[in-house]
Amino acid sequence: MQLFKKMFGKSDPVAEVRQCHARQDWANLLLTAKRIDMQSLDPDLRQELRSLTDQAGDALATVNLEEGAWAEQSGNVMRARQDYQLARQQACSETLRERAEQALAALEGGTSPLTDDPGRPHASATSAACNTCTETPAAKDTTDLSSLDEDSRLELLLATLPEDLAARYQAAGAEFRRAWLAIQAGEDEQALGSLDQVPSDQRDALFLYERGGLQARRGQFGAAADDLAAALALEPELLPAFETLCEVLLASGQEEQLQSTLKKFLNEGRFSGYCWSRLAQLHAQRGELEPALAAGLKALDEQVTDPSLLVLCAQLLERTERYADAEALLRRLPAGGCGGGAHPLLAEFWLRRQIHLDRALESFKGALRQEPDNPRWLLRIAQVYLAKGWRKEAAEQIEGLMRRSGLPTTLDDEIRQVADQLREE
């Protein structure tokens, strides 16, 4: 408990909210605001806090919408769904909420130009192999599978699976393989018809898993949960079925059931790393910081390497002023997709701490080369310039950004804060 004394012992949470806003620390702003009894405040202060929390919610929703799009483009449909759901929960503006709902509707309906690509696997067995960093979207596969015969399509899709699963799909019956190909192509009705034709003696755990995943994609969460639970009863170590079951419980709003399921599997010694990771996410979403960090660190002890978990734990460690531990986790993030050097999230940590500014600058310039139209990196470069005392260079960047229109509100506010700093010095 002593570890979290600094986290929960703040004497003035209202002042802390303002400090979080000043440094654009949106997640901690919302977590701090949860501790405040709004009804005890005078109307003006209550309105101020509501404005600050609205800005924070929209900022986080914007980030999750972007991350959801990256996950969707890289074929990780389950992760994309989670990001879009978070964005919908966090959004305070009607516009952002509608964007999140539209993204979810497109994802579930298979109408998104990203998920409707017949050359990219959908939320099926491939989800087990998609637990990778989504900071940089994968290159889009432009292969037109519809022009290939069934055997060729099967061969290409099997290459995306772990070796043990690929062997099982290869050895499955013809009707099941045909159903699986239809699932990957987003042809749900055809897939359902083919699944109905699978002989009863071939309806094993893999069959139940695929049918459950298909039902989940169609929003039939009750039937999906039944099939996935049955798959796990037949094959207790089928991790993709468990991952999909957890996603179904979350998507259907059954957070308490999800938590009890995760704890049950932990008690049974099954999927420990995954269970601790999901518990960390659940606790963090509820503002339960101490159990979130404890669960996250246990997941890391179980060799979970999901970058989103590394980032979550690093944020919580930074909040408790365990800076060295936070930096160590951020150093584990991959850097190659951003042009070499440090990962931009590590560089942003350095910028907040005012350390390793030259390396942070190199990282932001690398990110800008990868995303030349992303104003975030221009802003970060300007902030490094300012921190190094290069006011002229910082001013040039900020002036250029201020001439741009259509920037997200949160980014625009941060740009103006830097501009104010330049005028004050």
Side-chain angles (χ1 to χ4, degrees), residues 23-24 26 58-76 79-80 83-84 87 95-96 99-100 103 112-115 117 120 132-142 307-308 311 330-331 333-352 356-419 421-422:
R23 62 177 184 265
Q24 308 289 303
W26 306 119
D58 283 347
L60 291 176
T62 299
V63 170
N64 276 305
L65 280 170
E66 293 173 352
E67 291 184 350
W70 289 333
E72 189 177 350
Q73 184 169 344
S74 61
N76 193 343
R79 173 64 184 274
D83 286 331
Y84 292 149
T95 300
L96 278 175
R99 281 181 57 195
S112 166
L114 295 174
T115 57
D117 177 6
R120 177 175 289 107
T132 57
C133 180
T134 58
E135 285 293 330
T136 304
K140 183 174 181 178
D141 182 1
T142 56
S308 65
V311 172
L330 292 172
R331 285 179 179 275
L333 294 174
C338 300
H343 192 285
L345 292 180
L346 173 58
E348 289 180 330
F349 171 84
W350 286 338
L351 180 58
R352 288 192 297 273
H356 305 314
L357 293 177
D358 289 335
R359 295 174 65 187
L361 181 59
E362 177 187 353
S363 172
F364 296 142
K365 287 183 175 180
L368 183 63
R369 287 192 293 271
Q370 294 290 317
E371 299 179 287
D373 295 326
N374 190 337
R376 174 184 176 185
W377 309 128
L378 290 172
L379 172 61
R380 296 291 178 255
I381 290 170
Q383 289 171 320
V384 174
Y385 286 161
L386 183 58
K388 291 172 67 68
W390 301 351
R391 296 184 70 257
K392 179 181 177 181
E393 291 82 354
E396 290 174 354
Q397 296 282 3
I398 293 300
E399 288 170 5
L401 285 169
M402 292 186 72
R403 287 193 295 267
R404 296 177 64 164
S405 59
L407 294 178
T409 300
T410 53
L411 194 63
D412 190 57
D413 289 344
E414 195 171 355
I415 292 167
R416 294 182 185 282
Q417 288 180 10
V418 177
Q421 286 180 264
L422 287 166

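A distance of 5.0 Å separates CG in Leu368 from CD1 in Ile381, rounded to the nearest 0.5 Å. Rounded to the nearest 0.5 Å, atoms CD (Gln383) and CG (Leu378) are 11.5 Å apart. Within the model, atoms CH2 of Trp390 and CD of Glu396 stand 12.5 Å from one another, a figure rounded to the nearest 0.5 Å. The OG1 atom of Thr62 sits 6.0 Å away from atom CZ of Arg99, with the distance rounded to the nearest 0.5 Å. Taking CG of Leu357 as the start and OH of Tyr385 as the end, the distance is 12.5 Å to the nearest 0.5 Å.
Checking each of Gln397, Met402, Arg403 against Glu399 for a side chain to side chain contact (heavy atoms under 4.5 Å, CB included) leaves exactly one that passes, namely Arg403.
Counting all heavy atoms, side chain and backbone alike, Ala360 lies closest to Trp350 at N-CE3, 3.9 Å. Across all their heavy atoms, Ala342 and Ser363 have their closest contact at O-OG, 2.6 Å. Between Leu65 and Tyr84 the shortest heavy-atom distance is O-CE2, 3.7 Å.
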Salt bridge (charged side-chain N to carboxylate O under 4.0 Å, His left out) assessment of Glu348 paired with Arg376 | CA-CA 11 Å; Glu348 289 180 330; Arg376 174 184 176 185; 2.8 Å; yes
What's the verdict on side chain to side chain contact (heavy atoms under 4.5 Å, CB included) for Leu346 and Arg331, showing C-alpha distance, side-chain angles and the deciding distance?
-> CA-CA 6 Å; Leu346 173 58; Arg331 285 179 179 275; 3.7 Å; yes
Step by step, work out the side chain to side chain contact (heavy atoms under 4.5 Å, CB included) result for Leu379 and Phe364.
-> CA-CA 9 Å; Leu379 172 61; Phe364 296 142; over 6 Å; no
Report the C-alpha distance between Ile398 and Ile415 in whole Å, list the side-chain angles of each, state the deciding distance to 0.1 Å, and finish with yes or no for side chain to side chain contact (heavy atoms under 4.5 Å, CB included).
-> CA-CA 7 Å; Ile398 293 300; Ile415 292 167; 4.1 Å; yes
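A side-chain donor-acceptor contact under 3.5 Å links Arg391 to the backbone of Leu422.
A salt bridge links Glu414 to Arg380: one of the charged nitrogens lies within less than 4.0 Å of a carboxylate oxygen.
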